[in-house]
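Below: the structure, in structure tokens.
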Amino acid sequence: MLPVYLSCIETDEDKSKFERIYTQYRGLMYFAAHRILGDARDAEDVVHQSFLKLLEMLDRIPVAVCPQTRSLVVTITERKAIDVYRARRRKAVLPLEEAALRTAAPPPDAAVERDAIAQAIAALPPHYCDLLLLKYDNGYSEREIAQILDLSEANVKKTILRAKAKLRAALHEEGVDV
């Protein structure tokens with residue numbers, strides 16, 4: 001697939017930068033998409049969509065392999081995967097055989113709670129969602145996030161606190177106690 005992407009790029013420098021991004025992060029992108037979607041084909045589609053988005057913004061990526069680029073790649077992939085997840089949930093149609101075999105029992109409480117949390121995070125404003133994902137999903141410290149996003153560490157801490165408060169309020173409205 002790499003030659004197809006490279007054919008869309010004009011300069012050799014940009015081709016080299018994109019090739020480094022592709023080889024360094026494609027596995028991570030697939031893992032992030034598959035973790036959200038749970039389906040290999042959908043995850044591959046999301047990775048492809050993410051690479052197309054990266055092609056559009058290649059001139060704004062200064063260094064191919066660095067923490068900022070890793071964060072950008074993961075964030076783009078996760079956002080695309082969440083979009084596919086939402087679309088799939090809206091069109092949840094089962095074949096007749098599967099509908100007949102499916103039981104009417106509700107899913108376990110943990111799965112319901114996890115889905116409610118994922119939906120609440122996805123519904124947050126993008127800057128809150130990105131900070132929470134960087135902090136709790138990707139495991140970055142406030143200092144690393146501040147460096148990645150070129151913000152002060154105090155700003156990152158305060159924004160994370162606000163995001164958590166907003167998330168807590170949204171979950172409380174949904175009846176999920178966290």
Side-chain angles (χ1 to χ4, degrees), residues 1-2 4-6 8-9 17-61 63-95 98 102 107-141 144-145 148-149 156 159-160 162-164 166-168 170-171 174 176 178:
M1 199 64 172
L2 182 60
V4 174
Y5 296 127
L6 293 178
C8 300
I9 303 172
K17 184 191 320 181
F18 187 83
E19 188 172 0
R20 282 181 280 154
I21 291 170
Y22 182 87
T23 56
Q24 180 71 26
Y25 299 116
R26 71 174 172 217
L28 176 65
M29 292 167 74
Y30 178 82
F31 175 78
H34 192 272
R35 183 176 40 81
I36 292 170
L37 297 170
D39 182 69
R41 288 178 298 195
D42 286 344
E44 289 171 4
D45 289 343
V46 165
V47 170
H48 173 67
Q49 292 172 11
S50 300
F51 275 123
L52 293 176
K53 180 67 175 174
L54 287 168
L55 276 174
E56 291 174 12
M57 57 189 312
L58 190 60
D59 58 330
R60 291 183 277 171
I61 301 173
V63 180
V65 179
C66 68
Q68 291 87 353
T69 303
R70 180 185 188 277
S71 176
L72 174 70
V73 165
V74 169
T75 301
I76 288 172
T77 304
E78 288 174 342
R79 303 297 283 171
K80 296 282 184 190
I82 289 169
D83 290 344
V84 169
Y85 178 79
R86 286 179 181 157
R88 188 172 37 171
R89 299 249 350 207
R90 279 192 297 262
K91 296 187 223 173
V93 177
L94 294 174
E98 285 185 42
R102 188 167 287 237
D109 289 340
V112 171
E113 187 174 299
R114 187 178 57 240
D115 284 346
I117 292 171
Q119 289 176 358
I121 290 173
L124 289 174
H127 63 283
Y128 284 168
C129 181
D130 293 343
L131 283 175
L132 289 176
L133 290 174
L134 287 171
K135 172 79 174 151
Y136 297 105
D137 194 42
N138 294 321
Y140 287 112
S141 69
E144 291 171 323
I145 295 170
I148 290 168
L149 300 176
V156 169
T159 306
I160 287 175
R162 289 178 182 154
K164 286 169 46 177
K166 194 164 189 127
L167 177 62
R168 205 173 291 116
L171 290 172
E174 294 291 323
V176 178
V178 180

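In this chain, numbering begins with 1 at the start of the sequence shown.
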For Ala123 and Arg86, the nearest pair of non-hydrogen atoms, with its separation, is N-NH2, 3.8 Å

Residues 51-61 vs salt bridge (charged side-chain N to carboxylate O under 4.0 Å, His left out), sequence neighbours excluded, gives Lys53-Glu56

Residue set satisfying ring-ring contact (aromatic ring centres under 6.0 Å, His included) with Tyr85, at least two apart, ordered chain then number -> none

In this structure, CG of Leu133 is separated from CG of Leu124 (nearest 0.5 Å) by 9.0 Å

For Leu134 and Ser71 the tightest heavy-atom approach is CD2-OG, 2.8 Å

Contacts satisfying salt bridge (charged side-chain N to carboxylate O under 4.0 Å, His left out) that involve residues 68-85 (not counting sequence neighbours) are Arg35-Glu78

(message) With heavy-atom distances below 4.5 Å as the criterion, would you say the side chains of Leu58 and Ile21 are in contact?
(response) yes

Can you find a heavy atom in the side chain of Glu144 that is under 4.5 Å from one in the side chain of Ser141? yes

Within the 4.5 Å heavy-atom criterion, are Phe51 and Thr77 side-chain neighbours or not? no

Worksheet entry | Side-chain heavy-atom pair Tyr22, Lys17 within 4.5 angstrom cut-off | no

(Q) Pair Val65, Tyr25 - check side-chain contact (heavy atoms from CB on, under 4.5 Å), show working. (A) CA-CA 9 Å; Val65 179; Tyr25 299 116; 3.9 Å; yes

Correct closest heavy-atom pair for Leu72 and Met57 would be CD1-CE, 4.0 Å

Closest non-hydrogen contact found for Ala170 with Ala120 is CB-CB, 4.4 Å

- Query: Is there a side-chain contact between His34 and Asp39 (heavy atoms, below 4.5 Å)?
  - Reply: no

Side chain proximity check, Met29 to Leu54, heavy atoms < 4.5 angstrom | yes

Heavy-atom closest pair (Tyr128 atom, Arg162 atom, distance to 0.1 Å) is OH-CB, 3.6 Å

Between Ala43 and Tyr30 the two heavy atoms that sit nearest each other are CB-CE1, 3.7 Å

- prompt: Taking the side chain as C-beta and beyond, is there a heavy-atom pair between Leu167 and Leu132 under 4.5 Å?
  reply: yes

